[in-house]
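Below is one structure, written out as C-alpha cells; comments come after it.
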Amino acid sequence: MTVNGWLQILFFLALVLLVTKPLGVFLARVFSRERTFMDLVLRPIERLLYRLTRVDENHEMRWTEYAVSMLLFSLVSMLLLYLIQRVQFFLPFNPQKFTAVNPAHLAFNTAASFTTNTNWQAYSGESTMSYFTQMAGLAYHNFASAAVGISLAIAFIRGIARRQTETIGNFWVDLVRSCLWVLLPFCLVGALLLVSQGVVQNFRPYDTAQLVVPQQVQRVGRDGKPVVGSDGKVLMDTVTEQTIAQGPVASQEIIKEWGTNGGGFFNANSAHPFENPTPFSNLLELFSIFAISAGLTYTLGRMTGSQRHGWAVWAAMATLFLAGVTTAYWAEAHGNPLLIGENQRVSALQPGGNMEGKEVRFGIANSALFATVTTDASCGAINGWHDSYTPLGGMVPLVNIMLSEVIFGGVGAGMYGMLIYVVLAVFIAGLMVGRTPEYLGKKIEAYDVKMAMLVALVFPLVILVFTAISSVKGFGTSGITNPGPHGFTQILYAFTSGAGNNGSAFGGLNANTLWYNTTMGFIMLVGRFFMIIPMLGIAGNLARKKYVPPSLGTFPVTTPLFTVLLIGVILILGALTFFPALSLGPILEHLLMGAGKVF
Amino acid sequence: MAKKRRALWEWKIVRRAMWDAVRKLNPRKMMGNPVMFVVEIGSVITTALLVKGGAAFKFNLQITLWLWFTVLFANFAEAMAEGRGKAQADTLRKARSETVANRLLENGETEKMPSSKLRTGDLVLVSAGELIPSDGEIVEGVASVDESAITGESAPVIREAGGDRSAVTGGTRVLSDRIKVKVTSNPGETFLDRMIALVEGAERQKTPNEIALNILLAGLTIIFLLAVVSLQPFAIYSGSPQTIFVLVSLLVCLIPTTIGGLLSAIGIAGMDRLVQHNVLAMSGRAVEAAGDVNTLLLDKTGTITLGNRQASHFFAAPGVNEQELADAAQLSSLADETPEGRSIVVLAKEKYGLRGRELSSRNAHFVPFSAQTRMSGVDLNGFEIRKGAADAITNYLLQNGRPMPGEVKESVERIARSGGTPLVVAEKARGALGVIELKDIVKGGMRERFEQLRAIGIRTVMITGDNPLTAAAIAREAGVDDFLAQATPEDKMRLIRREQENGKLVAMTGDGTNDAPALAQADVGVAMNTGTQAAKEAGNMVDLDSNPTKLIEIVGIGKQLLMTRGSLTTFSIANDVAKYFAIIPAMFAGTFPVLNTLNIMHLRTAESAVLSAVIFNALIIIVLIPLALRGVRYRPMSAAALLRRNLWIYGVGGIIIPFIGIKLIDMLITRVGLA
C-alpha cells in the first residue's frame, strides 16, 4: 500500500462526503415537490408528460397501489426489452447487422437483468447488441430501473416521516421526477465530461486496424475453454487484424454509474479504454456510483426531521466502505505470497502487488477501490477482473454483495435495504432499553418484523439454494473454469451477484447456458421484487402509525453507538448466514494459498 | 399469598418442573415455540439414526443425548416459571375453600348455604371470625377485615358501607363486628378465582411484543436452516460430506435456542415479579405496556403527598408573640382529633416546647367543627379560642365588633398563594392572634423518584382537586412535570385522551367508581384493592397493597421484562460467532487441514469441538434460567446509557463468553475421555 494510493481513496471519500448534503437537500426538495433551480425548464416537460399519460400528479397512493404500479411498469418495460432484443435485426442503428439475440433464454436473462437494475451480462455487448438495442433497450432500463429504485427509497422515507396516513406518494410522479430532475441533468453533463476524456459517442460501424505484429492466441470454444486438438495440444489462431468497436458509449456509460446499473457497453466494462480511458474518468465513474446513495442518507434525515440519524447511517456506510477497501487494497498490494521477488514490490516502474487482471492505468489502489465501490453499491461495473484478485481481495466484493449492498448501495435500493437492517437493529437492540422498539417515533411491531424478516430471508434463500444445486449438478459445475474452492467461489459469486442485483461478474464462470441464464434471470427478479414488496408493506404500515415523540427513554438512533450497533447487526446477520459458504470458498482458497496451493 | 420472595430453586417447584419438562415434549405443545420445535425434530432424527446404528456410536449417542437435553432444559425453564405461579396458586386455593354462608332471606331470616351456591345480588351476613363467602359490597355495617390471604398484609383493614371502602373480597376474614354484604360475583368468577388463573398462567396469551420477537426468531431459524441444508452440497463439492449428526448439531447451535428456550419463561416470570410486588396484572399485554409508558398520572393525595395536610408554621398577628399564638393554637386543638388538629399540637410541641395539657382540669369546653360555623375551638375559663378558615373567623370577629388586622389578611393571602391552607386563630377578647399554615407534605423521596422517571423519559402529571395556585405550588415542591388542577373525572379522561392522541402511553392509579372510565381508557390502569368493584374491573392491574406509589415500580418491572428479552436475544445471536469457529473447522479440517487456522480455540479434536459447542448450547439455557426468572438488572437511566451498558454485557459478552465456555467444556470432556 502506498501513501499515494491512500490519498486517492480518501480523496474519493471526501468527495462523497462533500456531495452528501447538497445532493440530499436537492433530492428532498425534488420529491417534496418544492421549488428547485431546474423547475423553469423541467416543470413544463413534467406537466406535458402527465397530460399525455393522464396521470393526476396530486393523487396519493396506498402502498399496495404504489407496488402494483411499480410492478406493472417493470413488467411492461421488461417485455419491451425482450422484444427489442429478439427483433433488433429489423430495427435501425445496427451497422454491424447483428441478428436477434439468441438463444431466447439469453434474451430473457438480459431483460430480467436490466429491469432489476442488475445488469448481469451473459453476452458481449460489442458482438451481440445493436446500437438501437443498447440505447432504446438497455440504456432506457438504466434510467428506468434507477428511477424506480430512487422512487422506492423516497416512498419508504415518506412511510417513516408520515403520520397516521394511508399513502406514501405517487409512483408515477416519483418516477418522472427521478428521471427528469435527478438522472437526466447530471448524465448530460457527465457524458460530456467523459467524452472530454476520450470516451466515444458515435453511430459508426466498427473500425478495423492491422496489427503491427500478428498475435498467436488460444482458440476458445463455445464453453469458454481452450479447444484441444487431436494431438492433445491447445489449438492456436493467428490474429492479424483487430476490430475496434464503436458506438454511443458516453451517453450509456454515465448512467451506468449514476444509476448504479453497471452493464457495460463493451464486455470489458469499465476496464475498456473507450468506457473508462483515464484516471479522471475513473474517478468520475466512482463518484457517480456513490453520489445519489450518499445524498439519500441526508434526504432521509431531512424528510424525517432527524438529520443526525441520516449522518449516523452515513457513518455506518462509510465505516463499512473503509473496512472493505482497506482489506481489498491490502490483499492486492500484498500480492501473491508464492511469487517472491522484485515484481511485487512497489517501484518507479512497478505498481507492485497483484496486478493480474488489473489495468495498468488504474493500478492497485484504484482497482481495489473500484471493486469495493461497485459492490458496496449494487452497480456491478468493473475496471478489473475480480476472478484474478487474490482470494481475500476477491472476497471483499463478494462479502459486500452478501451484506445486501447497503454500503451506500444501489440508487434507492441501498437506502431501503439499509432501512430494513435499521428496522431489525432497532427491534433487536431496542428491547434492551426496556421499551417496545421505536424507530424515529414509529413503533416496530409484529407486522414490521415479519416483513423485514421476509426481506432478510429472500436473499440467503435464493443464493444458497441455487449455489447448492449448481455445485453438485453437472449443469452447474460445467460452467466452472477453475477447480477447487476457486470454482466454488465462481458459482457463489454469480448467484450472489444476481440475487443482490449487482451484476458484476467474478469472471471465469461460463454463465451463458440454459441453466445459468434461466436461474439467474429468475433470482434477479426474486432478489428485486420479493424484497421490494415486503419493504413497501413496512413503509405503508409505518405511515399509518402514530408518532411517539422522542424522550430520554427512546432508543437513540442518532448516536455513534447506534452506528456501531447498525454495523454489528449488518456484519453479524450477513456473516452468520454466509460464513459456511465463504469458509469453503475464498477463505479456504486463501489458506491453501498460504500452504502453497493455488487454483 | 406470601409476601416473602420465593427462593429461586425451591425443591418442590424444581421437582414439579422436571416432570413438566418431560410432559412438554408433546409435539403439539412444542409447536408453539418454533425454535425449540426444530431442535426436537433434530433430536428425533438423530435418535432414529442412532437406533439404525453405524460408526462413531459414542459420539453420536452423546450428540443425541445433548440435543434432547437442550429441548428438556428449555421446557424446564418454562416449567420453572410456571411452577412458581402454581405454588402461589396453591396457597390461594386454600383461601378459596368451601365456606358456609348465612344468606339473608327477604323475611329477615337467614339460611345456611354453601358459598359456591351464592349468586350475584344475594345478601349475606358475616360475623366476626367468619370468612367472607364471596366478593361483595358492604351494604350495612362496618368491620375490621383480615385480608392477609390475598395481600399477605397481616394488619386488619376497616371496611364499611358506602363510599370507596365498601368492597370486600371472598376468602378474607371478618375480625370484628358484623356486616351485611351484597354479593357481586358468581361462583368461579370471583377475584380469587381470577387471581388463581392469572398466577397459574392458565390463560396466558402471547403478548404483541412476544409475537414480534417470535417472528424474528422463526425467521432466523429458517435462515440458519438454509445455511445448514445448503452446506451439505457445498461439502460434497469440496469432497468432505458431513454426517447428519454434525449437521443437526450445527443447526441447533446456530438457531437462537437460548432466547427461544427462555422466551416464555421470561414472560411468565415478569407477571410473577408483579405478583411478588403484590400487583396482579390481568394480562401480559398490560405488563408490556407498563414498560412503554410515557406519562404517569398520579393523584396528589396519598400518592405524592401524605394523606392529610399538616401544620407547618405559626404567623403571629401584630402585638401577639408567637409563643402566645402557639399556646392558643394548641389549646384549641388538644381535643381536635382530626389529623390537621393533631399536627397543630405536634408543631406546638416540637417548635415551641408546649406539652400537652389536661383540659378537663381547666374546666374546658371543646367546640367541635360544624358546617354552619366552619370553626372549631375551646371555651376555657371564660376565654373563647376559635380557629377556622379566614372568612369564618372574620365573621366571628365582626360579630364581636373587631376587624381583621391587615397583616393577618396578608399572611392568609400569602399562604394561600403558596399552596398552603391558612387557618386563623382568634380569641374573642383579643381578636385575631395569628395564622396557622397547613401544608400538604410531600412524601419523602418523591422528588428523587420523579427525577429518575424524567431520566428514563417518563413525564409525571399530578392530578388534584385543588385550585391551580395550590396545585402549582405542590407540583413545584414535589418536582412533577405538570399538574391538572381542579380535576374532574371528565378532565382526567380528556387528559388521557389527549396524551394518547399524541402517541403516548398513559398509566394511572385509581380507586373510586368515578375513576373507572379513566382507568379503562388508560393504557395501564392500576386499581387499588381497597377501591370499588367498578374500579377494579375497569383497570388492567390491581394493587393488593393499595399503594399508588407502586405505579413507579410497575413501570420498572415492565421495562425489565422487555430488557430481559432484548438482552437475551442479543446474547443468543452473538453466541453464534464462537460456535461457527468451533464447528466449521471441525467439519472440514479433516479434508483441508489448513482450515485448522480457524480453530482459534484450539479445540482438541473435531468430535470434541462439535460436542463442546452442543453442550455449551444446552447448558447456557440452564445457566441463564435465574436471569430469565429474575430479569436483568434494571436501574433507571437514559435509554442511551442503558443501551451502552446492555450492549457491552450481552452483545460483546455474548461474543466472548462462548469462546471461553466451549474451550472449558472441550478441556473437560477430553480430560474425562468423552471425546
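Residue numbers start from 1 in every chain, and the chains themselves are labelled A, B, ... in the order their sequence lines are given, proteins ahead of strands.
- Ranked by heavy-atom pairs shorter than 4.5 Å toward chain A, the options B/Asn214, B/Ile223, B/Val229, B/Thr569 are led by B/Ile223.
- Note: A/Tyr493 and A/His486 fail the aromatic proximity criterion, with ring centroids not under 6.0 Å apart.
- Most heavy-atom pairs under 4.5 Å with chain B, from the set A/Ala446, A/Ser551, A/Gly430: that is A/Ala446.
- For A/Met432, the parts lying near chain B are the backbone and the side chain together; criterion is any non-hydrogen pair under 4.5 Å.
- For A/Phe562, no part lies near chain B; criterion is any non-hydrogen pair under 4.5 Å.
- B/Arg449 and B/Glu553 are joined by a salt bridge, as a carboxylate oxygen and a charged side-chain nitrogen come within less than 4.0 angstrom of each other.
- If you measure heavy-atom distances from B/Ser238 to chain A, the contacts under 4.5 Å come from the side chain alone.
- Taking a cutoff of 4.0 Å between a charged side-chain nitrogen and a carboxylate oxygen, B/Arg285 and B/Glu210 do not qualify as a salt bridge.
- Heavy atoms closer than 4.5 Å to chain A are found nowhere in B/Leu225, neither backbone nor side chain.
- For B/Glu499 and B/Asn294, the side-chain atoms include no donor-acceptor pair closer than 3.5 Å.
- A side-chain donor from one of A/Tyr421 and A/Ser404 sits under 3.5 Å from a side-chain acceptor of the other.
- Residues A/Lys546 and B/Glu501 are not paired through a salt bridge, judged by the lack of any N-O separation under 4.0 Å between the basic side chain and the carboxylate.
- For A/Leu464, the parts lying under 4.5 angstrom from a heavy atom of chain B are both the backbone and the side chain.
- Chosen from A/Lys450, A/Arg435, A/Met453, A/Lys473, the residue pairing most often with chain B at heavy-atom distances under 4.5 Å is A/Arg435.
- The shortest non-hydrogen separation linking A/Leu584 to A/Pro485 is O-CB, 3.4 Å.
- Of the candidates A/Gln164, A/Glu445, A/Glu438, A/Glu445 is the only one forming a side chain to side chain donor-acceptor pair (under 3.5 Å) with A/Lys545.
- Applying the 6.0 Å contact sphere to CZ of A/Phe530 captures no more than 12 heavy atoms from other residues, nucleotides or ligands.
- Residue contact with chain A, scored on non-hydrogen atoms closer than 4.5 Å, is absent for B/Arg459.
- The two residues B/Ala639 and A/Thr554 make their nearest non-hydrogen contact at CB-O, 3.1 Å.
- Side-chain contact of B/Asp481 with B/Thr460: a donor-acceptor pair under 3.5 Å is present, judged by distance alone.
- With a 4.5 angstrom heavy-atom cutoff, A/Pro437 touches chain B only via side-chain atoms.
- By number of non-hydrogen pairs under 4.5 angstrom with chain A, the leading residue of B/Ile215, B/Ile573, B/Ile222 is B/Ile215.
- Against chain A, the residues from residues 589-597 of chain B that qualify, each with a non-hydrogen atom under 4.5 angstrom away, are B/Phe592, B/Val594, B/Leu595, B/Thr597 in number order.
- When heavy atoms are compared at a cutoff of 4.5 Å, B/Ile458 does not approach chain A at all.
- Counting heavy atoms from C-beta outward, B/Val506 and B/Val524 have side chains that stay 4.5 Å or more apart.
- Ring geometry for A/Phe466 versus A/Phe522: interplanar angle over 60°, hence perpendicular rather than tilted (30 to 60°).
- Residue B/Leu220 touches chain A through both its backbone and its side chain, counting heavy-atom pairs closer than 4.5 Å.
- Contact record, B/Gly631 with B/Thr564: CA-OG1, 3.4 Å, taken as the closest heavy-atom pair.
- In this structure, chain B has no heavy atom under 4.5 Å from any part of A/Ile444.
- Here the shortest heavy-atom pairing between A/Gly487 and A/Ile480 reads CA-CG2, 3.4 Å.
- Highest contact tally toward chain B, considering only A/Val472, A/Ile469, A/Val548, A/Thr436, is held by A/Thr436 [criterion: heavy-atom pairs under 4.5 Å].
- For B/Gln232, no part sits under 4.5 Å from any heavy atom of chain A, backbone or side chain.
- Both the backbone and the side chain of A/Phe488 come within contact range of chain B, judged by heavy atoms closer than 4.5 Å.
- Heavy-atom distances place the backbone of B/Val293, and not its side chain, under 4.5 Å from chain A.
- Ranked by heavy-atom pairs shorter than 4.5 Å toward chain B, the options A/Val449, A/Val569, A/Leu576, A/Thr577 are led by A/Leu576.
- Using a 4.5 Å cut-off between heavy atoms, A/Ile463 makes no contact with chain B at all.
- With a threshold of 4.5 angstrom between heavy atoms, B/Phe234 approaches chain A through its backbone and through its side chain.
- Below 30°, between 30° and 60°, or above 60°: for A/Phe578 and A/Phe459 the angle between ring planes is above 60°, a perpendicular geometry.
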- Evaluate the criterion side-chain hydrogen bond (donor to acceptor under 3.5 Å, both in side chains) for residue pair A/Asn336 and A/Thr390; output intermediate values, then yes/no. CA-CA 7 Å; A/Asn336 186 337; A/Thr390 58; over 6 Å; no
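- Interatomic distance, A/Phe495 CZ to A/Ser471 OG, rounded to the nearest 0.5 Å: 9.5 Å.
- Heavy-atom pairs under 4.5 Å with chain B were tallied for A/Pro460, A/Ser470, A/Gly484, A/Gly441; the largest tally goes to A/Gly484.
- Only the side chain of A/Lys443 has a heavy atom closer than 4.5 Å to any heavy atom of chain B.
- Contact tally against chain B (heavy-atom pairs below 4.5 Å) for A/Pro549, A/Gly585, A/Ala581, A/Ala595: the top residue is A/Pro549.
- A pairwise comparison of heavy atoms in A/Ile401 and A/Thr496 identifies CG2-O, 3.4 Å as the closest pair.
- Interface remark: B/Ile456 contributes backbone atoms only to the contact with chain A (heavy atom separation under 4.5 Å).
- Of all heavy-atom pairs between A/Thr558 and A/His309, the closest is CG2-N, 3.6 Å.
- Among the candidates B/Met587, B/Met563, B/Lys504, B/Arg644, the residue making the largest number of heavy-atom pairs closer than 4.5 Å to chain A is B/Met563.
- With a 4.5 angstrom heavy-atom cutoff, A/Leu492 does not touch chain B via any of its atoms.
- Interface residue B/Asp576: backbone and side-chain heavy atoms are both found under 4.5 Å from chain A.
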